[in-house]
There are 2 protein chains.
Amino acid sequence: MMGKDDKVYLGVKEIAKRAKVSIATVDRVLHNRTGVSEKTRKKINDIIAEIDYRPNILASRLASRKAIQMAVLVPHTSIDTSFWEAPLQGIQRAAKELESYGIRLVYYFFDLNDRHSFTAQASKLLTTELDGLLMSPTFVDESIALTSRCDELKIPYVFIDADLSTSQKISYIGPHLFQSGYVGAKLLTYRAVSPFTVLVVNISKEIENNNHLTIEAGFRSYFKEKELQNRLVTIDIRDTDNLSVARHLTEALHNHPHVEGVFVTNSRVSSVATFLTKLNRPEIRLIGYDFLQENCQFLDQGVIDFLICHKPEEQGYRGVMTLYQYLVVDTTVEKMQYMPIDIVTMENRSFYQN
Amino acid sequence: MMGKDDKVYLGVKEIAKRAKVSIATVDRVLHNRTGVSEKTRKKINDIIAEIDYRPNILASRLASRKAIQMAVLVPHTSIDTSFWEAPLQGIQRAAKELESYGIRLVYYFFDLNDRHSFTAQASKLLTTELDGLLMSPTFVDESIALTSRCDELKIPYVFIDADLSTSQKISYIGPHLFQSGYVGAKLLTYRAVSPFTVLVVNISKEIENNNHLTIEAGFRSYFKEKELQNRLVTIDIRDTDNLSVARHLTEALHNHPHVEGVFVTNSRVSSVATFLTKLNRPEIRLIGYDFLQENCQFLDQGVIDFLICHKPEEQGYRGVMTLYQYLVVDTTVEKMQYMPIDIVTMENRSFYQN
DNA sequence: TATATTTACGGGTACGTACCCGTAAATATA
DNA sequence: TATATTTACGGGTACGTACCCGTAAATATA
């Protein structure tokens, strides 16, 4: 251990001394409060710039009698959508780390199948005192309504998992969907010899966001760019139960006998895997999204070849940390934070950090 | 913003009040210092356990006049080994975050080709006041000598990138080498039809650590487990220049005409790629390690199919953070922190977080 | 000109912990 | 028993910042 004093820390005390004012006046300038003459303000600001003053966050948070309040607006987890467990865990991990720094999170969960629940939770969180908002803009119109209100109230917000390009967000943290689909196409065609037929399967209720369209565009662009001769057939399944999936797939395989690859544009790949297992068609290669338990089972069995994944846990963690960064440390944060496009196989899955 | 006071924080003051002693005495107990009777000590410890006291790190670091000193012992970067740029960046990122918390890092760089430089730096860092050590145990015997000394001096240490299973380390942060080789085998054989011959290429000067042996074991175990009929040929190249690599590979390809896959057990895959490019053998699949600039070039050209990567930047970051965690927050840290086995292709490489 | 209001500050306490310094009380030594 | 030493504490200040409260001085109003 060595003394700290070799590094002479220049703080408010030093600024006050140089400006020949009190610490309280320096504090007023630092926080843009009133009660300082223009002349004094300028003098202090000059000194701040000159010595490159950076506040001691430790002392600042300690002295502040205020806790910083963040609202978290995300889908609640359900059998249908265990995907959201991971971001929530990341959010909670960040919350724990920031707990002793006086950061408090309040959670507002909505139902993925019910846009009214989203609106209800949005109204609810707006009634509270709020310093920041972390949200998944699952429902487009409803999200725009909420963020417009936040803009008026000057509440900064961060998006995870999905984006709204029009809004004044602090940051988007999530996948680059187009490129992700492109990677999917590469994996599905790697080393394949004959140009088999490919099924692109979208399984989602209509009310959810349209991420899958961008993914499919990326997927198709790969075939076009490489001038591959595969035939691509898209099937949209608007009910998420296994029976509906089976019905649609049976029909598709009947109409297209040479299918050797299936690309599922979201995490519901396990229902396709269930179907293919029953059908006993091991030559059909299957790729889908997300490191869910049910998907990993089929990965281990070799039914699913690859899962593509975008670090949902880290999305949640970084969402909170980005807000904290913006509110406490420094308002310059990266606006587009794309997650890596991770490739998960049965061989590397045990070390995957979701 | 809401008042903090709704959450009644129970600190040393409250403990002192309940135990009917002063704050100073509580502090002595908390830090296992002398000068407290056994009776009082027990009473205080009971209260600490009862209220689940967790010290306020903010206040603790602020009040401490001591900076925490960490030494960092890693190879310096060179043309030969640009690999170490990434861990260093992660280390520096962590250092920046922890700067205002009174954490100071001192760097000791050694030469990968010179074990004496390692010993010299090790002796040097031992002469300083030290609270913790982050190191890469590149040279086995020399590292054991250093860590034994650390054990005596009660200096905790963390390993990154390579491990020494015998030592009393706080934590190892790095790849699971065996499984990583296993993943390499999967990728090299995925969808391959005929059982071609595979070259396993180790390129390293003898003085470096033996990570490649474990990787190769994992690689071979895949073929054995799946009962694949490929012929595996290992070639060891003890000089890292392109000429030596070309000479050895020419000979190997002459002796084994049906080579269609090459697996390089470390980051020197680009020199093999250089050779294969000149040879014009595009049917030979090439897989190797690490997200280096020269490797990515060949990835983009399609000469290298996959790079396997273990997040070196994060290894550095987590190395520092793990030490911080141990020294400041809580002494229970994860002992084996395996990095994910990332698969990098030309399609997903632009979003890879090294 | 006398009084009320606003402006522009400064003093001082608090956040929760670390640790210096001083001192009665207990114990050891002469 | 008298003195020296050790033990077991407590008081109080400091870390760097936030912010309450009070008040001269400046300005506005009657």
Side-chain angles (χ1 to χ4, degrees), chain A residues 1 3-17 19-44 48 51 53-68 99-103 131 327-329, chain B residues 1-44 48 51 53-68 99-103 131 327-329:
Chain A
M1 301 251 189
K4 241 184 193 169
D5 27 36
D6 45 352
K7 184 202 176 190
V8 235
Y9 184 81
L10 302 178
V12 283
K13 207 184 287 179
E14 177 66 20
I15 298 172
K17 202 164 91 184
K20 299 196 181 76
V21 296
S22 73
I23 290 176
T25 299
V26 175
D27 190 70
R28 285 182 193 98
V29 173
L30 282 170
H31 295 87
N32 287 316
R33 283 197 231 97
T34 57
V36 187
S37 70
E38 262 321 301
K39 203 177 128 198
T40 310
R41 189 178 292 274
K42 183 174 183 325
K43 200 195 321 179
I44 292 173
I48 288 171
I51 69 174
Y53 169 74
R54 284 182 300 174
N56 182 317
I57 300 165
L58 254 54
S60 170
R61 292 305 309 149
L62 181 62
S64 171
R65 292 336 181 276
K66 305 260 164 62
I68 288 179
E99 194 185 3
S100 56
Y101 299 71
I103 313 292
D131 301 295
L327 291 169
V328 177
V329 184
Chain B
M1 302 253 191
M2 265 170 63
K4 241 184 194 171
D5 27 35
D6 44 352
K7 183 203 177 188
V8 238
Y9 183 82
L10 302 178
V12 283
K13 208 185 286 179
E14 176 66 19
I15 298 173
K17 203 166 89 185
R18 296 200 191 185
K20 298 197 182 74
V21 295
S22 73
I23 289 176
T25 301
V26 175
D27 191 71
R28 284 181 195 101
V29 173
L30 282 171
H31 295 87
N32 288 315
R33 283 196 231 97
T34 57
V36 187
S37 71
E38 262 320 303
K39 205 178 125 194
T40 309
R41 189 178 292 273
K42 183 173 183 324
K43 201 196 318 180
I44 291 173
I48 287 171
I51 69 174
Y53 169 73
R54 284 182 300 174
N56 183 318
I57 301 164
L58 255 55
S60 170
R61 292 305 309 148
L62 181 63
S64 171
R65 288 344 176 272
K66 304 261 166 59
I68 289 179
E99 194 185 3
S100 57
Y101 298 70
I103 314 292
D131 301 295
L327 291 169
V328 177
V329 184

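Note that the structure is predicted; figures quoted are calculated from it, not measured. Here is how names work: the chains are called A, B, and so on, in the same order as the sequence lines, proteins then strands, and each is numbered from 1.
Residue A/Tyr101 holds its OH atom at 9.0 Å from CD1 of A/Ile57, rounded to the nearest 0.5 Å.
Between B/Arg18 and B/Glu14 there is a salt bridge, with a side-chain nitrogen of the basic residue lying less than 4.0 Å from a carboxylate oxygen of the acidic one.
The interatomic distance linking A/Ile48 (CD1) with D/dT17 (P) rounds to 11 Å, in whole Å. When rounded to the nearest whole Å, the span between CG of A/Leu62 and C1' of C/dT17 equals 9 Å. Remark: P of D/dG16 and CZ of A/Arg54 are 15 Å apart, rounded to the nearest angstrom. A straight line from NZ of B/Lys66 to P of C/dA18 spans 11 Å, rounded to a whole angstrom. Distance CD1 (B/Ile15) to P (C/dA18): 11 Å, rounded to an integer number of Å. The separation between A/Leu58 atom CG and D/dA18 atom P is 12 Å, rounded to whole Å.
Contact between the side-chain N/O atoms of A/Arg61 and the OP1/OP2 oxygens of D/dT17 is not found at any separation under 4.0 Å. For D/dA18, one of the phosphate oxygens OP1 or OP2 lies less than 4.0 angstrom from a side-chain nitrogen or oxygen of A/Ser60. Contact check, A/Tyr53 against D/dT17: a side-chain N or O comes under 4.0 Å of OP1 or OP2. Dashed line: the shortest gap from a side-chain N or O of A/Tyr9 to OP1 or OP2 of D/dT17 is under 4.0 Å.
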Could you spell out the base pairing of DNA chain C in dot-bracket, with Watson-Crick or G-U pairs whose two distances are under 3.5 Å, [ ] crossing and | to another strand? ||||||||||||||||||||||||||||||
So which protein N/O to nucleotides 9-11 of chain D N/O distances come out below 3.5 Å?
unit_1: D/dC9; atom_1: OP1; unit_2: B/Thr40; atom_2: OG1; d: 3.3
unit_1: D/dC9; atom_1: OP2; unit_2: B/Ser37; atom_2: N; d: 2.8
unit_1: D/dC9; atom_1: OP2; unit_2: B/Ser37; atom_2: OG; d: 2.6
unit_1: D/dC9; atom_1: OP2; unit_2: B/Thr40; atom_2: OG1; d: 2.8
unit_1: D/dC9; atom_1: N4; unit_2: B/Arg28; atom_2: NH2; d: 3.1
unit_1: D/dG10; atom_1: OP1; unit_2: B/Ser22; atom_2: N; d: 3.4
unit_1: D/dG10; atom_1: OP2; unit_2: B/Ser22; atom_2: N; d: 2.4
unit_1: D/dG10; atom_1: OP2; unit_2: B/Ser22; atom_2: OG; d: 2.8
unit_1: D/dG10; atom_1: OP2; unit_2: B/Thr25; atom_2: OG1; d: 2.8
unit_1: D/dG10; atom_1: O6; unit_2: B/Arg28; atom_2: NH2; d: 2.4

Any protein N or O atoms within reach of nucleotides 24-27 of chain C? Criterion: under 3.5 Å, listing atom names and distances.
none

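The shortest distance between side-chain heavy atoms of B/Val29 and B/Thr40 does not fall below 4.5 Å.
Looking at heavy-atom distances under 4.0 Å, A/Asp27 makes contact with a base.
If A/His31 and A/Lys13 are placed on DNA chain D by their nearest nucleotide, the residue sitting closer to the 5' end is A/Lys13.
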